[in-house]
Amino acid sequence: MDIIVLLKQVPSTESILQIAGDGRSVKTDDINWVISPYDEFAVEEALRIREKQGGTVTLVSVGAAKASEAIRTALAMGADKGILVNDPATASCDGLGIARILATVIRALPYDLIIAGQRAVDDENFLVGAAVAEFLDIPFVSLVIQQEIADGSIQCQRTIEGGTAMIQSPLPALFTTQRGLNEPRYASLPGVMKAKKKPIETRTLADLGMEAPAPLLRVVAMKLPEMRKAAKIIDAATPQAKAAELVRILHEEAKVI
Amino acid sequence: MSQDILAVAEYAGGFFRKVSFEALSEGRRMADTLGGKLVVLVLGDGVQEAAKQLAAYGADKILVADHSALKDYLTETFTQVAAEMIRKEAPAFVLMGATSQGKDLGAALSARLNAPLATDCISLRFDGQKAVITRPMYGGKILADAVIESSPGIITLRPNAFALAAVAGSGQIESWPVVLDKARTSCLGRQIESAGKIDLTEADAVISGGRGMGGSDFSVLESLASVMGGAVGASRSAVDEGWRPVSDQVGQTGKVISPNIYMACGISGAIQHFAGMQTSKVIVAINKDPEAPIFSKADYGLVGNLFEIVPMITEEVKKLKGS
């Protein structure tokens, strides 16, 4: 089974973000970069499938040179090789453009299954997985919490509002991960040593025979959400009085009850 | 370019989602601004009768794709039918709720139609003919304004972010002849665990519990949520402890929500949790630790034992609702 994992390097979710001088991006110095958490589930699931069925796990990413650190981390978890499209022209791409680039890379590779995070926790687009599946014309299932592969097809349990649905699809297919799918492993020390020798190929858009797709959605400004001042602490003599005062305020002043 | 707006209404479990009415309401406002029509798409099995109620939110035309193969949502069938409808109607913008289905369908349509996608938008304005949307990024730590550069612009709307406005439209119903390629995927079944429960993302009131709950007994929060007509959420710690299902998690790697009122009970207030609920209109924090970081980010705070105070709040709300 040849499995491809779509990987993105993002600021860790602990990061406190600030707006950069251009007013439409975030400051990237002093940020701790990690594999997007949902992509980590994808790497783990790919490794588990390979452990059962044999095969290869190939990571594909679009990003700057430092994104190779994220690929190296996933290689240390156990993936076999990585491909990084590193081209400054991709910086202006929207999610759809990135998906076109990923699909172009993947067309030249053998694959039975593609796994992606449901979304990257920076852009929050929920777009790339679905779009890559569409460009490759393969079936797509999102938000998967459990899967089973048998006889050339995959059964996926996915989350829907208030429950789950079971979707069956032939392979090759692309599915995206949901929390609950697995608990990603940590890279072991031998894993880290081995990863140093594993290949990371880099490509430019010229290597792929394409130009950066023009963005159809263009970010023009970023701001920080209005910060709340410290809470008004509701003080009263007894818990009962506090509860009554809170409900009064919520009803009469905030008008939310 | 057409000035029309097309809204996709999501029919699930015998009713339209509230966010679908929000999408229609916003679609009506946009159509009025641009001087176009509001067309609504309904896809499903046996939805002809229910589709009529969409006229109450300003639909000029209701296109109904009624077919047994559209009973359960599948990306490929819904994308095929919706893409054909969109090509025929050629609207300026396509709106739908940012639900698990809407985000999935919006993304697939964006790729199929080479159309811009703005996901999980919380507001929208026009700059001339161009729409500028605001959407949270980085789990809500950043709000980004983005311009939609071409049509049809596909916009998914965060539940509870756009005002409902009931205005009668002519609501002329048209049946859409559904012709489907043989589907590769199939839905083997659905399991709805919380039938009749209000979904976390659509609830007006969310009562969440964290590590301070000390265990899986969330009954005090459930009682309060019940009298407030809301839903129960959880912090990542509570989910990691196995006290609540993953689907209840509020935060940067869980659900990002905007209820009218959010009550954080026994939640210390990690930055990732805050990212998931800071667009709530009012945030109340209840914690026994007066130094808990959540108090610096809430509107109202109550210091005390949540197991004592929450039932008292429930009683007070009951009294208020009874009067």
Hey, mind stepping through Lys8(A) and Asp123(A) against salt bridge (Lys or Arg N to Asp or Glu O under 4.0 Å) and telling me if it holds?
CA-CA 11 Å; Lys8(A) 187 175 188 187; Asp123(A) 292 340; 3.0 Å; yes
Go through the steps to decide whether Tyr262(B) and Val250(B) satisfy the test side-chain contact (heavy atoms from CB on, under 4.5 Å), and finish with yes or no.
CA-CA 11 Å; Tyr262(B) 185 83; Val250(B) 174; 3.9 Å; yes
For Glu44(A) and Arg48(A), what are the C-alpha separation, side-chain angles and deciding distance, and is it a salt bridge (Lys or Arg N to Asp or Glu O under 4.0 Å)?
CA-CA 6 Å; Glu44(A) 177 62 34; Arg48(A) 291 186 189 191; 2.6 Å; yes
Walk me through it: do Glu245(A) and Lys242(A) pass the test salt bridge (Lys or Arg N to Asp or Glu O under 4.0 Å)?
CA-CA 5 Å; Glu245(A) 175 63 3; Lys242(A) 285 183 190 177; over 6 Å; no
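The closest side-chain heavy-atom distance from Gln9(A) to Asp122(A) is not below 4.5 Å. For the pair Ile101(A)/Met210(A), a side-chain contact is recorded, criterion being any heavy-atom separation below 4.5 Å from C-beta on. Proximity of Pro184(A) to Met77(A): side-chain heavy atoms (C-beta onward) are separated by under 4.5 Å at one or more points. With contacts defined as side-chain heavy-atom distances shorter than 4.5 Å, the pair Arg135(B)/Asn125(A) qualifies. No side-chain heavy atom of Asp104(B) sits under 4.5 Å from any side-chain heavy atom of Phe78(B). In this structure, the side chains of Arg125(B) and Asp145(B) come closer than 4.5 Å at one or more pairs of heavy atoms. Ile4(A) is not listed as a side-chain neighbour of Ile115(A), based on a closest heavy-atom distance of 4.5 Å or more. Counting only heavy atoms from C-beta outward, the side chains of Ser280(B) and Pro259(B) approach each other to under 4.5 Å.
Among the candidates Leu17(A), Leu143(A), Asp235(A), the residue making the largest number of heavy-atom pairs closer than 4.5 Å to chain B is Leu17(A). Counting heavy-atom pairs closer than 4.5 Å to chain B, the top-ranked of the candidates Glu183(A), Lys229(A), Gln157(A), Arg119(A) is Arg119(A). Top candidate by heavy-atom pairs under 4.5 Å with chain B, chosen from Thr159(A), Ile138(A), Val10(A), is Ile138(A). Heavy-atom pairs under 4.5 Å with chain B were tallied for Ser15(A), Pro213(A), Ala214(A), Cys156(A); the largest tally goes to Ser15(A).
Residue contact with chain B, scored on non-hydrogen atoms closer than 4.5 Å, involves the backbone and the side chain of Ala221(A) alike. At a 4.5 Å heavy-atom cutoff, the contact between Leu246(A) and chain B is made by side-chain atoms alone. With a 4.5 Å cut-off on non-hydrogen atoms, Ser12(A) touches chain B through its backbone but not through its side chain. For a residue to count as touching a neighbouring chain, one of its non-hydrogen atoms must lie under 4.5 Å from one of that chain's; by this rule Thr75(B) touches chain A with the side chain only. Residue Phe140(A) touches chain B through both its backbone and its side chain, counting heavy-atom pairs closer than 4.5 Å. Interface remark: Arg100(A) contributes side-chain atoms only to the contact with chain B (heavy atom separation under 4.5 Å). Both the backbone and the side chain of Leu224(A) come within contact range of chain B, judged by heavy atoms closer than 4.5 Å. With a 4.5 angstrom heavy-atom cutoff, Ile145(A) does not touch chain B via any of its atoms. Interface residue Ile313(B): backbone and side-chain heavy atoms are both found under 4.5 Å from chain A. Only the side chain of Ile249(A) has a heavy atom closer than 4.5 Å to any heavy atom of chain B. Interface remark: Pro11(A) contributes side-chain atoms only to the contact with chain B (heavy atom separation under 4.5 Å). Residue Asn114(B) touches chain A through both its backbone and its side chain, counting heavy-atom pairs closer than 4.5 Å. Residue Asp120(B) does not touch chain A at all, counting heavy-atom pairs closer than 4.5 Å. Using a 4.5 Å cut-off between heavy atoms, Ala205(B) makes no contact with chain A at all.
Of all the heavy atoms in Gln80(B) and Asp181(B), the pair that sits closest is OE1-N, 3.2 Å.
Between Arg236(B) and Asp248(B) there is no salt bridge, since none of the side-chain N atoms of the basic residue sits less than 4.0 Å from a carboxylate O of the acidic one.
Counting non-hydrogen atoms of neighbouring residues, nucleotides and ligands closer than 6.0 angstrom, the NZ atom of Lys288(B) reaches no more than 12 such neighbours.
Under a cutoff of 6.0 Å and an axis angle of 45°, Lys297(B) and Phe274(B) form a cation-pi pair.
Among residues 164-180 of chain A, the residues having any heavy atom closer than 4.5 Å to a heavy atom of chain B are, in sequence order, Thr164(A), Ala165(A), Met166(A), Ile167(A), Gln168(A), Ser169(A), Pro170(A), Arg179(A), Gly180(A). Within residues 20-41 of chain A, the residues having any heavy atom under 4.5 Å from a heavy atom of chain B are, by residue number, Val26(A), Pro37(A), Tyr38(A).
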